[in-house]
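Each remark here refers to the structure printed beneath this line.
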Amino acid sequence: MRLSIVEYPDKKLRVVSKEVKSFDKKLHDLLDAMYPIMVKTNGIGLAAIQVAFAIRVLILNIPDDEGEQIKENLLEMINPVLTHKDGETLYQEGCLSVPKFYEDVNRFERVRVNYQDRHGNTQTLEADGLLSIAIQHEIDHLEGVLFIDKLSYARRKKFEKEYKKMLKERKE
Ligand code: Y12
Ligand code: CO
């Protein structure tokens, strides 16, 4: 399966993704194809809508304490739901669908998430730190929400101007 990253301002990124009901080969093929494109593009999180599949699927591969991104730590979440959130944290986020831009975003510090694995088994995970932030960022994608939507009016305006310029330069 050949996938490519959907980039802002593509309207697909605004679609609300649909619940997954079949945990079949089609789903497994998509998950297997998402991992290499995420790693190749230096990503640590990717939602299916970012590769044009509007289903509630996301993957995460947070680097370990040595900064190594190892596949054994890959998390695949299907139909994730946040069941608990507390605290507050600020982190400079980036997104494969919004290349070259990083902005501080407020998130909950800790979350608990219920999800299904690729076989449809229900799982629960409690997370803090970078994993917690990444989970919230990727679940937002399932609702058609991007991290740039969380910026102040002034920072969003600045982003739009700089992003337009970047797209123009990329075309030239
Ligand atoms: C904390 C905050 C946000 C997340 C969501 C996952 N975000 C990413 O995986 C971002 C990846 C990213 C990679 C880039 O590098 C390349 O594209 C080669 C990048 O740089 C450029 O676009 C030049 C930007 C973002 C998880 C945790
Ligand atoms: Co993103």
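Sequential numbering from 1 along the given sequence is applied to the chain's residues. Just the heavy atoms: all of them, side chains too, but no hydrogens, waters or symmetry mates, feed the values below.
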Is any side-chain N of the basic residue among [X] and [Y] closer than 4.0 Å to the acidic one's carboxylate O?
X: Lys12; Y: Asp10; value: yes
X: Asp86; Y: Arg110; value: yes
X: Glu160; Y: Lys164; value: no
X: Glu7; Y: Arg170; value: yes
X: Glu19; Y: Arg56; value: no
X: Arg107; Y: Glu93; value: yes

State yes or no: do [X] and [Y] share one hydrophobic cluster built from I, L, V, M, F, W and Y residues joined by side-chain heavy-atom distances below 4.5 Å, directly or via other members?
X: Ile49; Y: Ile37; value: no
X: Val145; Y: Ile59; value: no
X: Val39; Y: Leu96; value: yes
X: Tyr163; Y: Leu13; value: yes
X: Ile78; Y: Leu74; value: yes

Which pair of non-hydrogen atoms, one from [X] and one from [Y], has the smallest distance, and what is that distance?
X: Leu82; Y: Ile135; answer: CD2-CG2, 4.0 Å
X: Gln92; Y: Tyr102; answer: CG-CB, 3.7 Å
X: Gly144; Y: Arg14; answer: O-NH1, 2.9 Å
X: Gly45; Y: Met38; answer: N-SD, 3.4 Å
X: Val15; Y: Ala54; answer: CG1-CB, 3.9 Å
X: Val6; Y: Ser97; answer: O-OG, 2.7 Å

How many angstroms lie between atom [atom1] of [X] and atom [atom2] of [Y], to the nearest 0.5 angstrom?
X: Leu75; Y: Glu138; atom1: CG; atom2: CD; value: 11.5 Å
X: Thr41; Y: Leu3; atom1: OG1; atom2: CG; value: 11.0 Å
X: Leu125; Y: Ser132; atom1: CG; atom2: OG; value: 9.5 Å
X: Thr124; Y: Asn114; atom1: OG1; atom2: CG; value: 4.0 Å
X: Leu27; Y: Lys25; atom1: CG; atom2: NZ; value: 11.5 Å
X: Leu30; Y: Arg118; atom1: CG; atom2: CZ; value: 9.5 Å

Quick one: are [X] and [Y] in side-chain contact, heavy atoms under 4.5 Å?
X: Val105; Y: Ile133; result: no
X: Ile139; Y: Leu58; result: yes
X: Phe23; Y: Asn121; result: no
X: Phe147; Y: Val98; result: yes
X: Ile148; Y: Arg156; result: yes
X: Leu167; Y: Pro9; result: yes
X: Phe53; Y: Met1; result: yes
X: Gln116; Y: Val20; result: no

For the side chain to side chain contact (heavy atoms under 4.5 Å, CB included) test, which of Ile44, Ile62, Val111, Val113 pairs with Leu131? Ile62

Would you please test Glu162 and Lys158 for side-chain contact (heavy atoms from CB on, under 4.5 Å) and show each step? CA-CA 6 Å; Glu162 288 174 4; Lys158 186 169 169 275; 3.3 Å; yes

Look at the rings of Phe159 and Tyr8 and say which category their plane angle falls in: under 30° parallel, 30 to 60° tilted, over 60° perpendicular.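 Rings of Phe159 and Tyr8: tilted, 30 to 60°.
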
Check the pair Asp104 / Arg155 against side-chain contact (heavy atoms from CB on, under 4.5 Å), numbers first and verdict last. CA-CA 10 Å; Asp104 282 348; Arg155 279 165 72 205; 3.6 Å; yes

With no hydrogens and no angle check, is any side-chain donor or acceptor of [X] less than 3.5 Å from a backbone partner on [Y]?
X: Gln50; Y: Ala47; value: yes
X: Gln69; Y: Asn61; value: yes
X: Asp149; Y: Leu146; value: yes

How far apart are the C-alpha atoms of Leu90 and Asn106, what are their side-chain angles, what is the distance that settles it, and do they pass the side-chain contact (heavy atoms from CB on, under 4.5 Å) test? CA-CA 5 Å; Leu90 188 71; Asn106 273 307; 3.5 Å; yes

Hey, is CD on Glu88 packed in by over 12 heavy atoms from elsewhere, all under 6.0 Å?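 Counting other residues, nucleotides and ligands, CD of Glu88 stays at 12 neighbours or fewer.
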
Could you walk me through whether Lys165 and Lys161 satisfy the side-chain contact (heavy atoms from CB on, under 4.5 Å) test, starting with their C-alpha distance in whole Å, then the side-chain angles of each, then the deciding distance to 0.1 Å, before giving a yes or no? CA-CA 6 Å; Lys165 187 165 167 264; Lys161 198 171 158 204; over 6 Å; no

